[in-house]
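Atoms within a ligand are numbered from 1 in the order they appear, just like the ligands themselves. We're numbering straight along the sequence, starting at 1.
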Amino acid sequence: MNRIEQVMRLAAVSFGAVLATACATATKPAPAAVDTADTIYVGGEIVTMNDARPEAEALAVRDGKILAVGARAATLQAHQGADTRIVDLGGKTLLPGFIDGHSHYFNSLLVANQCKLYAPPSGPAKDVDSIIAALKKFAEERKIPRAELIVGYGYDDTAMPSGRLLNRDDLDKAFPDNPVRIDHVSMHGAVMNSLALKKYGYSAETSTPPGGVIVRKPGTNEPYGLVMETAYLPVLNQSEPMTRAQEIEWTRAGQMLYAEAGITTAYEGATHLAQLEAMKRATDAGANIIDVVALPFITDLDKALEAFPLSTWGTYDKRLKIGGVKITIDGSPQGRTAFFTQPYLTGGPGGEKDWRGELSFPQEMVNQMVAKVYGMGVPLYLHANGDGGIDAFFKAHEFAAADDLTRDRDVTMIHAQFTRKDQIPTYVKYRIRPSYYTLHTYYFAEAHIKNRGKEQAMYISPMRDSIDAGLHPTNHTDFVVAPLDQMFMLWSAVNRISRGGEEIGVEQRITPLEGLKSMTLWGAEQHGEEASKGSLAAGKLADLVVLDRNPLKVNAADIKDIRVVETIKEGETIYRSGDTR
Ligand SMILES: [Zn+2]
């Protein structure tokens, strides 16, 4: 149905409703105003995530909340008033809005103004030439003036054909007059041109710090563009502060990226105080279009508590909620900094032998940090990737929760990628929710096989075993590490196929319904919001997403091609595909 037909039909329906109401008033009283819907969705597949009623024909919304979910005729009869808007879904599929299990929301404010350079199929960067072409197009479209910094993100060196990597000379040739910085997909480094290297203070005289990488031009000491890990900190420390106007404008742009992905609750996975303050200012200025959960990072916790007293945590204020504390236990498996009980097959990032990775903080310190958060009585979120990192958290839990190891303390283990099979019963016993990262089966499986061997690589993000053990895991993109593409994430959990086309641990595949629950209902549980979000049931918020096809009915292989058509936050459309912004 095109727009005009839709308007005609809407008009007809409204007219019919007026007549019906008029007739009704003649014989019996009009439905009580409190039962009259603002909007009723019909004409599509309504997937509720509510096991008691998995599918419905109609969903009625009033004052931003779900008024009723049910059969078409009964819902229209009970809730259609003179002013009720009837929306024909045209055969499309309506679901609860997606709830982000873990991403780096604050980065979305920045990347909305940066050039997307993921490798195909997530972006255009298939080789050096296509990166330069995408950057030129971006700079022209945005009319970026001479001398202004141009930033790209998502550069994946492992995806470059025959090892031909992007370097300083490529960028200098294309952009002699602008500093250019291309952030690495890991968020732990960047490739820069000469003007950017100069801007951030890198030269032939810069020595490489311990734990850092500065790639040098062959035969010289000149930086060749790529700077990683500790050597990258000067860039992070100098990142340009936003003006107040930009805070608001970029908040809207960043949140639109989430809205376009069908996400109505976003997650800021490790929030430093300055970021939290910027988010608060944008919030107070009314910039938020979706809900955002922020997690102060443990190293900033005392300062965060001074600025945001504990009494203000745990509830939304103008769509911003401080939802708990984040503690990092280890690093990343593809960067060989995740902590394992057994050594990496490929040694350490600096050529170390018998390398198992390292904890981010010593065990004793982790114990104290966990005890502190438990003492506050707020949700705890951990970053742990290696099985050794996960064991280290179990030890900290046994220290900090010694009085009652099995009481629910609202703990979520983010990534949990290299969970061992024998660790799953401990998640159950200690009431820890894993939030997995199945996109690694696509993006990084080859690296994991090389670094950790086939057996461990095949078992990454064991969602099947976790669900079978009774857990409600969530799944996440870790945006901007992977693109904010919820259908691709779902596809990866259901199919587990690598970039090279190899099956990665098929016995850990889950069903599309389980995958959807991990993005909706179980996400709401993770944030302690299952009373108001995560399924389509009367009384919950009308946070909704419309997809062009039903993920429960298409072939599993086609899930990645499903598109978000519309995103609705508390009854208001915040994104519709094809709309110009
Ligand atoms: Zn993350």
*For the rings on Tyr436 and His476, is their centre-to-centre separation under 6.0 Å?*
no
*asked:* Ring centres under 6.0 Å, that's the criterion: do His527 and Tyr267 meet it?
replied: yes
_Suppose we only allow N, O or S atoms; which atom of Asp478 ends up nearest to the Zn ion (ligand 1)?_
OD1
_Among the N, O or S atoms of His104, the one nearest the Zn ion (ligand 1)_ = NE2
*Going by atom types alone, do Gln255 and Tyr575 pair a side-chain donor with an acceptor below 3.5 Å?*
no
*Could you tell me whether any N, O or S atom belonging to His102 is less than 2.8 Å from the Zn ion (ligand 1)?*
yes
*According to the interplanar angle, ranging from 0 to 90°, do the rings of Phe340 and Tyr344 count as parallel (below 30°), tilted (30 to 60°) or perpendicular (above 60°)?*
perpendicular
